[in-house]
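Data first, discussion second: the structure below is written as structure tokens.
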There are 2 protein chains.
Amino acid sequence: MHAARMSVRHGEYCPLDCTLGILSGKWKSIIVCRLMHEPLHFGEIHRSIPSCPKRTLAMQLAELEEDGIVARQVEHEGAVIRTRHSLTESGASLATIVRQMDEWGMEYLSRLSTLPDKTVQAA
Amino acid sequence: MHAARMSVRHGEYCPLDCTLGILSGKWKSIIVCRLMHEPLHFGEIHRSIPSCPKRTLAMQLAELEEDGIVARQVEHEGAVIRTRHSLTESGASLATIVRQMDEWGMEYLSRLSTLPDKTVQAA
DNA sequence: CAGGATCCACACAGATACTG
DNA sequence: CAGTATCTGTGTGGATCCTG
């Protein structure tokens, strides 16, 4: 188990760091957001996050699966193989917290008032 | 601003990654937990997290200050100089989410049922 | 389509020693 | 007491190419 190992960082199992560890991959938070509303195929996720290399996306998805956040479902359609990725129950409950972090971030960023000419937008 | 820069990782300001960025330093979550109940001096924090090197602790605190989560207050007591670190308002509101992440982590870890002989304990 | 293999670059943090 | 200055190592992710 990936994040459970990380959660032992400070010498003992720390639930907080476990949660953070699960989301701390560079693209994991975005992936959870993408899957929050509907299951998606690998290619769909990939196209929705173009700047994330395929191999990296595969790694992040694999870790989220190890951690029981994302479920994978292989679909043989004739010769083609597609993979459906969806949130598990744990994943869905995590998504609730993700939304709160997003909301906190929006308030936080809007308090910084002086943003260099880009606008804040929700994930 | 430290985390605000990080939040632009995916090509646009992402509040969610901003929040995660603020807490993503190796010891930042623990630091916020320590300051959650009361302000502490540098040495006190240091003693409460012995495995974190001084220089690293100083860095993490500095970044949390840059991000407006922790406030620093220097106290000249005769010749000695002490520094009080406390949560700002933003820090306090962040602590609320931190608690939820901790609770989620506890449920998550307890669902993994088979833990290698250490017990789960809250931060 | 959905990855695996390989190699590499860089940010982050640890060790150690020094200052006001 | 509360940091700073270097110097170094490792984890994490990126680039590129290959496969079933």
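Lettering of chains follows the sequences in order, A, B, ..., and the numbering in each one begins at 1. Quick note: numbers below take in every heavy atom, side chains included, and nothing from hydrogens, waters or symmetry partners.
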How many Å lie between CG on B/Leu61 and P on D/dT4, as a whole number?
11 Å

Looking only at side chains, do A/Thr56 and A/Trp27 share a donor and an acceptor under 3.5 Å apart?
no

Which residue lies more 5' along DNA chain D, comparing A/Leu57 with B/Arg84 via nearest heavy atoms
B/Arg84

The side chain of B/Lys54 is closest to which nucleotide in this list: C/dG3, C/dG14, D/dG3?
D/dG3

Could you please name the option among C/dG3, D/dG3, C/dG14 that lies closest to any side-chain atom of B/Thr83?
D/dG3

Does the side chain of A/Arg72 come under 3.5 Å of the side chain of A/His85 through a donor N or O and an acceptor N or O?
no

Look at the side chain of A/Arg55 against the base of D/dG14 and say whether a donor-acceptor pair falls under 3.5 Å; ignore hydrogens and angles.
yes

Picking from C/dA2, D/dG13, D/dC1, which would you name as closest to the side chain of A/Phe42?
C/dA2

According to a strict under-4.0 Å criterion, is A/Thr56 in side-chain N/O contact with OP1 or OP2 of D/dG14?
yes

Donor-acceptor under 3.5 Å (A/Glu44 side chain, A/His41 main chain):
yes

B/Asp67 backbone acceptor or donor facing A/Tyr108 side chain under 3.5 Å:
yes

Which residues within residues 69-79 of chain A lie with some heavy atom under 4.0 Å of an atom in DNA chain C?
A/Arg72

Check this one for me: any side-chain N or O of B/His85 less than 4.0 Å away from OP1 or OP2 of D/dG3?
yes

Can you tell me the distance, in whole Å, between the NE2 atom of A/His2 and the C1' atom of D/dG11?
10 Å

For B/Glu63 and C/dA11, give me the distance from atom CD to atom P, rounded to whole Å.
14 Å

Where do B/Leu87 and B/Val32 come nearest, in terms of heavy atoms and distance?
CD1-O, 4.3 Å

With a 4.0 Å cut-off on heavy atoms, is B/His46 in touch with a base, just the backbone sugar-phosphate, or nothing at all?
nothing

Spacing between B/Met59 atom CE and C/dA13 atom P, to the nearest angstrom
6 Å

Selection from C/dG14, C/dC1, D/dC1 that lies nearest to any side-chain heavy atom of B/Arg47
D/dC1

Nearest non-hydrogen partners of A/Ser90 and B/Arg111, listed with the distance
OG-NH1, 3.3 Å

Measure from the side-chain N and O atoms of B/Thr19 to the backbone N and O of A/Asp102, and report whether any donor-acceptor pair falls under 3.5 Å.
no

Nearest-Å distance for atom pair NZ/C1', residues A/Lys28 and D/dG13:
11 Å

Side-chain N,O (B/Trp27) to OP1/OP2 (C/dG14) below 4.0 Å
yes

Write down the distance between CD1 (A/Ile45) and C1' (C/dA2), rounded to a whole number of angstrom.
11 Å

Of the listed D/dT4, C/dC1, C/dG3, the closest approach to the A/Ala58 side chain comes from C/dG3

Show the nearest heavy-atom pair for residues B/Thr88 and B/Gly68, with the distance to one decimal.
OG1-O, 2.6 Å

What nucleotide, of C/dA2, C/dA13, D/dA2, holds the atom closest to the side chain of B/Arg82?
D/dA2

Would you indicate which nucleotide in C/dA13, C/dC1, D/dG13 comes nearest to any side-chain atom of B/Lys26?
C/dA13

For atom CG of B/Leu64 and atom P of D/dG3, their distance in whole Å:
13 Å

Rounded to whole Å, please give me the gap between CD1 in A/Ile81 and C1' in C/dA2.
8 Å

